[in-house]
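Heads up: the structure comes next, in structure tokens.
Letters A, B, ... mirror the listed sequences (proteins, then strands); counts begin at 1.
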Number of protein chains: 2
Amino acid sequence: MYTNGRAQEPSARETVYAKLKEQILNLELAPGTALSEKESSLVLGVSRTPVRESFVRLAQEGLVQVLPQRGTFVSLIDPALVEEARFMREHLERAVVRLACAHFPDAHLHALEDNLALQLKSIEREDDRRLFELDEAYHRILFDGCGKLNTWRAIGQMNVHLNRSRMLRLVADRHWQHLYEQHDTIFRAVKAGDADRAERVMQEHLLLGVRDLAHLMDKYPHYFISGGDGKP
Amino acid sequence: MYTNGRAQEPSARETVYAKLKEQILNLELAPGTALSEKESSLVLGVSRTPVRESFVRLAQEGLVQVLPQRGTFVSLIDPALVEEARFMREHLERAVVRLACAHFPDAHLHALEDNLALQLKSIEREDDRRLFELDEAYHRILFDGCGKLNTWRAIGQMNVHLNRSRMLRLVADRHWQHLYEQHDTIFRAVKAGDADRAERVMQEHLLLGVRDLAHLMDKYPHYFISGGDGKP
DNA sequence: CCTACCATACTTGTATGGTAGTGTGGTAGG
DNA sequence: CCTACCACACTACCATACAAGTATGGTAGG
């Protein structure tokens, strides 16, 4: 019994799905890019079936758009979705951070603290991708500590759209220090149980994510809906 | 050109997906029920492929659980998921109804009014399924009128779990009049722009959906996680 | 030169066969 | 009677073949 019972090797579908999703979120597969079941299957070394099933999943998340008998395309960024993702996060995270101020497990508090330390390291190294991951993890810990992990997962499906625009912004603008300070302030407010302060900073923090969206739409018009037709 | 250009006949996958999802939400396919690609394909008169792809979609929504090489099962109702769905709706719908009080299009206001009239009709006819649909439509109109339709859709993925427990409750308990009165009160508060009142009633309204959850878990233990093992 | 048509090379949708892993019931052995 | 084993039926996973719709480039006709 040397193969651990829980350590199932991931299915082809899962690996393909994860790979494609990562590439879309990283903008390695730019919005509007044409995909094809056959081509992806060749590139990834599997048959069309797992690729196709990944497309189904990605389509349900709104990351790709499948046009029958015509093709599959990486979805253009929809500004409405970005804004609504911010809207959802604003109201849900404000509520969660208030909960956290009332009661938050020590283990999760330590996790936040460790996370913040790693954020500093990433800023020193100018490792933006890593900082991005840590940012996600930070907020996840907040939800987890309040027993609202499923809520975080539900947000996730909208969040991918917000994250694509944030990734776009990451290239040009670098405001890491500000981001860290907000995270740190929220952490200390939670620790001190200062709900009003935590909620206020959280709201500001989430506004940061959509700042300059209009500027981005101007700079990369063909990445957005009704900016270009998407097929260059 | 008698076949309308927009009226694409739905794909097999779409019809299979819709059918299965409806049956799961109606509890015609009870939580814990074993499914199988082959059996479903025979019943629905299609091949295994569209069935399989429907399973993938349903699995992503958490409505079924696929265990490789073992089987596919209708998910048990997770009380944590139900509660978090309520949590999400509470905070998002409170925010939305406040927006609605500040500004709400006349067309949507009329739609709410019509919807309420139909609710009354459904209550007279004791048509619970129809009332359930109208309830969903009512809240959807609220989000739509505030330009937050995508947010409603995102809620939808959590909402299915809440709705299954509500459907379970519908069988035994019938509190339709109360539900209608709350809808009507919210409508009038929106019309009058009374945000505080609207928000308060909305919060109460959403609490109604999870009342007696413990009672339901007691009555149908094998429908819930850790109530029974799910495979009777 | 311009237009209409059509062969062709794509695309996704569906069906089916083979593979590997899993649960189960019957059976041989203690 | 109880236990260990094993053949078998069943599952989902993946690969592949076929079908049907779509965009495109070349060509024949005006």
task = Mind running side chain to side chain donor-acceptor pair (under 3.5 Å) on A:N163 and A:E136 for me, showing each step along the way?
result = CA-CA 10 Å; A:N163 282 351; A:E136 289 279 299; 3.3 Å; yes
ask   = Hey, does the side-chain of A:Q69 have a donor or acceptor N/O within less than 3.5 Å of a partner on the base of D:dT22?
value = no
ask   = With under 30° as parallel and over 60° as perpendicular, where do the rings of B:F104 and B:H108 fit, or are they tilted in between?
value = perpendicular
query = Parallel, tilted or perpendicular: which describes the rings of A:H183 and A:Y138, with under 30° parallel and over 60° perpendicular?
reply =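 Parallel: the ring planes of A:H183 and A:Y138 meet at under 30°.
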Would you mind classifying the nucleic acid contact of [X] as base, sugar-phosphate or nothing, using non-hydrogen atoms under 4.0 angstrom?
| X | result |
| --- | --- |
| B:S11 | sugar-phosphate |
| A:R48 | base |
| A:S36 | sugar-phosphate |
| B:T72 | sugar-phosphate |

Quick one: [X] [atom1] to [N] [atom2], roughly how many Å, whole number?
| X | N | atom1 | atom2 | value |
| --- | --- | --- | --- | --- |
| B:E53 | D:dC14 | CD | C1' | 13 Å |
| B:E37 | C:dG17 | CD | C1' | 14 Å |
| A:R70 | C:dG13 | CZ | P | 13 Å |
| A:R13 | D:dC14 | CZ | P | 7 Å |
| B:L42 | C:dA15 | CG | P | 12 Å |
| B:K38 | D:dA12 | NZ | C1' | 12 Å |
| B:L67 | D:dC10 | CG | P | 19 Å |
| B:R52 | D:dA15 | CZ | P | 11 Å |

task = Output, in order, the C-alpha distance, side-chain angles, deciding distance and verdict of side chain to side chain donor-acceptor pair (under 3.5 Å) for B:T151 and A:E84.
result = CA-CA 6 Å; B:T151 304; A:E84 289 194 56; 2.6 Å; yes
message = Heavy-atom nearest nucleotide on DNA chain D for A:V46 versus B:F55: which residue maps closer to 5'?
response =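 Its nearest nucleotide being more 5', the pick is B:F55.
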remark   = In short, the helix from C:dC1-D:dG30 to C:dG30-D:dC1 is bent end to end, axes from five pairs each side, to 10°, by 20°
task = Would you mind telling me which of B:D135, B:L149, B:N115, B:I155 makes a side chain to side chain contact (heavy atoms under 4.5 Å, CB included) with B:R140?
result =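 Per the side chain to side chain contact (heavy atoms under 4.5 Å, CB included) rule, the option paired with B:R140 is B:L149, out of B:D135, B:L149, B:N115, B:I155.
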task = Could you tell me whether B:F143 and B:H139 have their ring centroids closer than 6.0 angstrom?
result = no
ask   = Within the pair A:T49 and D:dC14, is there a side-chain N or O less than 4.0 Å away from OP1 or OP2?
value =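 Checking D:dC14 against A:T49, no side-chain N or O comes under 4.0 Å of OP1 or OP2.
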Heavy atoms from other residues, nucleotides or ligands near CD of A:Q60 exceed 12 (cutoff 6.0 Å) = yes
